[in-house]
Protein chains: 2
Amino acid sequence: MATGANITADDVAAEAGVSRWTVTRAFRKDASISAKSRAKVMQAAERLGYVPDLRAASLASDRSNLVALLVDDFANPHKLVMMERLTRVMRRKGWDTLLVNTLDKADTGPALLNASQRRVDAVILIGLQFDDDVLAAAQHARRFSKLIVFARSSQKPDTISIAVDDVQAMRDIAAYVDAQGYRRPFFVAGPRTSSAHLLRKETFIDYWQQTHGLRPDCVNVAAYDPALSGAVVETALKDRARADLPDVLVCENDALAIGAIDTLRHRLGLRVPGDIAVTGFDDIPQADSLNYQLTTYRQPLDEMADYLVEVLDSREDRDMNRLFRGAIVRRDSA
Amino acid sequence: MATGANITADDVAAEAGVSRWTVTRAFRKDASISAKSRAKVMQAAERLGYVPDLRAASLASDRSNLVALLVDDFANPHKLVMMERLTRVMRRKGWDTLLVNTLDKADTGPALLNASQRRVDAVILIGLQFDDDVLAAAQHARRFSKLIVFARSSQKPDTISIAVDDVQAMRDIAAYVDAQGYRRPFFVAGPRTSSAHLLRKETFIDYWQQTHGLRPDCVNVAAYDPALSGAVVETALKDRARADLPDVLVCENDALAIGAIDTLRHRLGLRVPGDIAVTGFDDIPQADSLNYQLTTYRQPLDEMADYLVEVLDSREDRDMNRLFRGAIVRRDSA
DNA sequence: AATCCATTTGCACGCGCGTGCAAAATTTGC
DNA sequence: GCAAATTTTGCACGCGCGTGCAAATGGATT
């Protein structure tokens with residue numbers, strides 16, 4: 001099954017007639033080694049089925065090239081997209097990914113501990129439950145030098161945030177909604193625990209208040225889960241008279257928007273966008289489906305992932321926060 | 001930032017006034033150690049911020065408690081569900097997950113190599129591109145003892161398959177469709193490369209041929225991607241006269257089914273289930289949404305994940321293949 | 001042919017922890 | 001209170017590779 005026992009660099013060295021260090025060099029991209037030595041080594045390695053042991057390498061060099069990805073919010077389809085992009089870019093650049101499912105809110109600490117034990121070089125957070133106090137508590141046993149919050153802005157010190165500019169983005173959306181002539185917006189927000197949602201919600205509300213002098217209705221959903229979102233929206237709207245209904249639901253993200261659309265159509269008997277328009281955020285694959293054609297906002301995920309790798313490679317320690325600018329994706333839903 | 005420099009077990013031992021080996025024992029569940037020694041050690045560790053180094057432990061013990069999860073098929077929402085279940089169960093049992101995005105078909109070998117370098121204890125395949133020849137070629141540099149194909153049956157030797165019984169499942173579906181009175185089924189299959197789809201498709205076709213003496217129409221989609229599925233279904237059905245249309249689309253999985261439903265409704269102007277019924281497979285979250293209410297088949301994922309952990313823990317080497325039985329989830333779409 | 005410079009190769013030591021067994025400490029039985 | 005049974009503790013060696021520098025090799029120049 002496994003090729004022989006444990007073939008080490010020493011074995012390959014003997015087979016190739018060179019020293020072990022030459023073997024090591026042959027396996028590094030940027031090492032100074034003659035072409036023919038490398039060829040000899042590679043052939044010997046191939047013959048023996050040698051595979052370098054990254055555990056030992058990491059132990060000796062104190063760099064693991066491993067990154068922990070902490071995820072909690074598996075109900076949001078956007079997570080799948082993010083995971084794909086991140087792992088793709090990172091793997092191309094030589095970074096491996098340790099996927100840690102943060103089971104529940106109290107599990108953030110243990111999850112970070114888990115990552116520490118593997119001596120990852122960095123931890124990337126793409127969930128939502130990471131309130132600042134939980135993080136602070138978890139800093140304790142921290143054995144990695146970089147804590148990166150991806151696709152979510154964070155003001156926490158010792159933390160690098162790579163995200164879209166929520167304020168800018170939400171202003172764009174608000175302006176678009178405004179320009180389309182909608183006048184009775186209704187904001188569907190995510191869990192209160194997450195700090196990003198505050199930014200989006202407040203930005204929208206502020207905009208509307210300044211522009212039209214009134215505060216839009218608002219509702220909170222306990223998770224970025226379409227089903228939950230639908231339930232909350234139904235409760236909020238079902239008893240309203242037709243004239244009291246909003247003319248557009250501005251949703252904090254696509255997961256919420258999709259749940260809302262389903263409820264509007266199938267529970268409340270309304271047409272989208274005929275009776276009520278809907279906007280989202282993220283541009284998940286479903287947003288482009290025939291059924292939803294959701295007007296939403298696309299984050300420049302590729303750029304953000306590229307920058308993430310830059311951060312990983314960098315030796316710097318501060319001021320690496322960065323905000324990106326995305327763009328509205330205009331479809332039929334609003 | 002990181003707590004001090006590298007605190008090792010030696011440091012903790014000194015602090016606690018015991019030997020390093022007592023420290024080691026304190027951190028293992030099943031070690032023979034007195035309660036008060038453990039308490040002393042734990043307090044010292046806490047004071048110093050000590051976190052055991054799993055790289056070193058793994059190197060010394062030749063067990064990594066790390067499992068590589070190879071995924072390629074990120075367009076299928078079901079993958080998110082599987083990843084959540086697997087990582088949840090595995091983490092609870094002390095197994096960490098290395099997520100490897102198999103970038104494309106030719107990348108299977110390099111991806112396996114990647115896992116080998118981390119000396120994972122096992123590799124779990126939950127993608128679809130793993131044809132037997134690619135796998136065979138990749139066996140070469142194999143440094144892990146277990147290759148597990150999850151949620152897909154495989155006859156390959158040296159491979160452990162944990163999956164639902166496709167034949168049984170598809171017979172159940174066929175019988176259901178039959179019993180509901182549908183008479184002009186149309187099968188929507190996934191990529192030809194995957195071996196599981198053959199089983200489902202052939203089982204359905206065989207059933208229909210034996211029961212009704214005729215071979216249902218059939219179409220292949222190049223990936224488990226709703227958008228692609230929709231396109232293929234549209235091409236296949238758009239020129240048919242109303243009377244020639246099938247009365248039920250039996251889809252190899254939910255991703256295909258959802259794409260099909262969208263196309264039926266929004267391109268072909270048909271009602272689902274009014275004009276054409278649809279069945280899926282997997283019971284992804286969307287299947288339960290108001291919009292789809294998809295009749296589908298649920299795999300017992302939790303049971304399967306539990307068994308997976310059993311396999312990981314086991315020292316056995318053969319005959320660990322296992323088929324599970326799921327159940328039809330009956331909703332409105334058929 | 002002698003010299004110099006650039007390139008290539010070799011190596012001692014340490015990274016942090018597990019394994020298996022023997023010695024020491026503690027408990028039990030009477 | 002003593003011997004035997006049991007639990008608890010200590011340790012030498014090795015897991016496989018990187019680091020940084022010194023020695024050696026090869027090629028180019030005069």
Side-chain angles (χ1 to χ4, degrees), chain A residues 2-41 44-45 48-66 94 116-121 141 143, chain B residues 2-41 44-45 48-66 94 116-121 141 143:
Chain A
T3 314
N6 296 328
I7 312 286
T8 74
D10 279 308
D11 301 327
V12 177
E15 172 85 9
V18 298
S19 73
R20 179 167 74 70
W21 294 269
T22 303
V23 174
T24 299
R25 287 195 184 87
F27 276 89
R28 308 197 5 163
K29 266 273 161 286
D30 55 336
S32 94
I33 184 177
S34 66
K36 69 165 166 275
S37 298
R38 172 168 271 153
K40 261 198 307 190
V41 170
L48 265 39
Y50 168 72
V51 178
D53 187 331
L54 255 43
R55 298 172 303 179
S58 164
L59 191 57
S61 70
D62 205 37
R63 291 192 74 235
S64 62
N65 276 291
L66 225 202
S116 294
Q117 298 186 152
R118 297 279 176 195
R119 296 295 190 270
V120 297
D121 290 330
R143 275 301 234 256
Chain B
T3 314
N6 297 327
I7 312 285
T8 73
D10 279 308
D11 302 326
V12 177
E15 172 85 8
V18 298
S19 71
R20 181 169 72 72
W21 292 269
T22 303
V23 174
T24 300
R25 286 195 184 88
F27 276 90
R28 309 198 4 163
K29 267 272 161 286
D30 55 337
S32 98
I33 185 177
S34 66
K36 70 165 166 276
S37 300
R38 171 168 272 154
K40 262 198 306 191
V41 170
L48 266 39
Y50 168 72
V51 178
D53 187 332
L54 256 42
R55 299 171 303 180
S58 164
L59 191 57
S61 70
D62 205 37
R63 291 193 75 235
S64 62
N65 276 291
L66 226 203
S116 294
Q117 297 186 153
R118 296 281 175 193
R119 297 294 190 268
V120 298
D121 289 331
R143 274 300 234 256

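As the structure is a prediction and not an experimental result, all values here were calculated from the model. Residue numbers start from 1 in every chain, and the chains themselves are labelled A, B, ... in the order their sequence lines are given, proteins ahead of strands.
Considering all non-hydrogen atoms of both residues, B:A45 and B:F27 come closest at CB-CZ, 3.8 Å.
For B:D10, the salt bridge (Lys or Arg N to Asp or Glu O under 4.0 Å) partners two or more places apart in sequence, or in a different chain, are B:R20. Not counting sequence neighbours, the partners of B:R55 by the side chain to side chain donor-acceptor pair (under 3.5 Å) test are A:S58, B:D53. For B:A44, the side-chain contact (heavy atoms from CB on, under 4.5 Å) test picks out B:V12, B:E15, B:A16, B:R47, with sequence neighbours left out. By the side chain to side chain donor-acceptor pair (under 3.5 Å) test, B:N65 pairs with no residue at all, sequence neighbours left out.
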Encode nucleotides 10-21 of chain C as B, S and - characters from 5' to 3', where the letter depends on protein heavy atoms closer than 4.0 Å: B to the base, S only to sugar-phosphate, - to neither.
BBB-BBBBBB--
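Atom CG of residue A:L48 and atom CG of residue A:D11 lie 6.5 Å apart, to the nearest 0.5 angstrom.
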Each nucleotide N or O in nucleotides 22-27 of chain C that has a protein N or O under 3.5 Å away: list the pair and distance.
none

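Counting only distance, with no hydrogens or angles, the side chain of B:T22 and the backbone of B:V18 share no donor-acceptor pair below 3.5 Å.
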